[in-house]
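Just so it is clear, the structure is predicted and the values come from calculations on it, not from any experiment.
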Amino acid sequence: MSFDSIPILDLSLARDPATKPQFLLDLRHALLEVGFLYIKNTGIPQPLIDEVIDLGKRFFTLPDEEKLKIEMKNAPSFLGYSKLGMEITRFKTDWREQIDLSTPHPIPGPDDPLYRNLLAPNQWPAEQALPRFRQVYEDYMARMGDMSMEFTSLCAQAIGLPADAFAQFFDDSQQHKLKIVKYPDLEELGVEGEAQGVGPHKDSMLTSYLLQASHHRGLQVQNAEGQWIDCPPLDGTLVVAIGQGMEALTQGVCQSTTHRVQSPARGTGARYSIPFFQGVSYDATFESMDVPEPVKQLRADILKKRGGQRLDDIEFTFIKGMWSRLGEATLMNRIKSHPDVGERWYPDLLKKIHAQQADEAARVLAADTASTTSSLPPQPQSVSAR
């Protein structure tokens, strides 16, 4: 059997030596069998969280001309504001409006690798248009960065690795990222039926932390049987998604799980969310950690219990041999997701991506045709993800 609910863990229990062992056992279960969990008592002050939510919602009430002053395509960093419908996941439009921010970094030098364009200053809304926005979000990102490092250390310990097992994948220029997202409801979109807030995907790095900033359902997680499990908002929690990076670096022990967001129902108003993405050094290679055999056996036992069941049709970011550095893979994924930025700043790479996608589509069509004529079940499609 696969999971049918998302576990809730109390992070304060990990900070008490008396309760930490049980916390690590519960975390191990979440890492190996679900890949998603809620955490509460994170240590982030509630007044700060309240202000983050309030200012995040107020950002979308700014006049369009103010938001467009900091439009993402103004810079090659993929930081800034994106209008509704400007991002793509699995070849389909995501119906969301958003701003991308990151921990602060200087403009890269002319001799730096191209992927270091991702490390750059933020585009902030004008202080007079939205007072305290920059101050509050810089504070929140700094605190979330510290908390994410603590949590990653706990993940290592939960599967029997040293507390600093992931340290080699971090550096002084490490970039954490954050989005503030508005998902309009179906009435505002003018859509009947269903719409894709963001399509099925897996997060790329080690861990992500979602602050669900309104009481709308919509986030869903896919279990190994292909069922979509609701992950509703719970006050006082963050939703943690294990990323492809952690799955790759632990040689598959930790599970990265496919998830999506459905647009809010007609008349329910917009859904707001604020995901934070823990960064990894862009100079890191794709070599896995030295994972002991007993640790790898943990995952093998899970798969054996499920009869080898593993639903996985999402393109994997961490492909050894395709890219020499994580930054290269990350840059290409950003161009896929935001082709308008790619067209302006990376036209040659965008052409390469379009050619690869055309080849992939042709292979899928050929495989489907062959399977149909031979009366065999259709082959699983390999699709692009954000």
Going by the rule ring pair (Phe, Tyr, Trp, His ring centres under 6.0 Å), which residues pair with Tyr137 if we only count those two or more places apart in sequence or in a different chain?
Phe133
With sequence neighbours excluded, residues passing salt bridge (charged side-chain N to carboxylate O under 4.0 Å, His left out) with [X]:
X: Arg363; result: none
X: Arg58; result: Asp54
X: Lys69; result: Glu66

Will you find, in the side chains of [X] and [Y], an N or O donor that is under 3.5 Å from an N or O acceptor?
X: Lys20; Y: Gln157; result: yes
X: Asp301; Y: Gln297; result: yes
X: Gln278; Y: Thr152; result: yes
X: Tyr282; Y: Asp171; result: no

CD1 of Ile39 to CZ of Phe151: how many Å apart, nearest 0.5 Å?
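Between atom CD1 of Ile39 and atom CZ of Phe151 there are 5.5 Å.
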Separation of Gln174 CD from Met205 CE (nearest 0.5 Å)
9.5 Å
Flag, side chain of [X] to backbone of [Y], donor-acceptor distance under 3.5 Å:
X: Ser12; Y: Asn41; result: no
X: Tyr38; Y: Gly236; result: no
X: Arg217; Y: Gln262; result: no
X: Asp94; Y: Arg96; result: no

The test is salt bridge (charged side-chain N to carboxylate O under 4.0 Å, His left out); show your working for Arg143 and Asp139 and say whether it passes.
CA-CA 6 Å; Arg143 292 175 184 266; Asp139 185 14; 2.9 Å; yes
Pair [X] + [Y]: basic N to acidic O under 4.0 Å:
X: Arg271; Y: Asp185; result: no
X: Glu293; Y: Lys296; result: yes
X: Glu51; Y: Arg132; result: yes
X: Lys179; Y: Asp100; result: yes

Can you check whether [X] reaches [Y] side chain to side chain, under 4.5 Å on heavy atoms?
X: His201; Y: Arg260; value: no
X: Ser263; Y: Val191; value: no
X: Leu130; Y: Phe59; value: yes

Of all pairs that satisfy side-chain hydrogen bond (donor to acceptor under 3.5 Å, both in side chains), the ones with a partner from residues 101-110, not counting sequence neighbours
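Matches after skipping sequence neighbours: Ser102-Gln175, Thr103-His105.
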For atom CD of Glu343, decide whether the heavy atoms of other residues, nucleotides or ligands shown that lie under 6.0 angstrom number more than 12.
no
Can you tell me if Lys57 has over 12 outside heavy atoms packed within less than 6.0 Å of its NZ?
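It does: Lys57 NZ has more than 12 such atoms within range.
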Just to verify, what does Glu97 make a side-chain contact (heavy atoms from CB on, under 4.5 Å) with, not counting sequence neighbours?
Phe60, Lys67, Tyr81, Lys182
Just say parallel, tilted or perpendicular for the rings of Phe78 and His338, cut-offs at 30° and 60°.
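Tilted.
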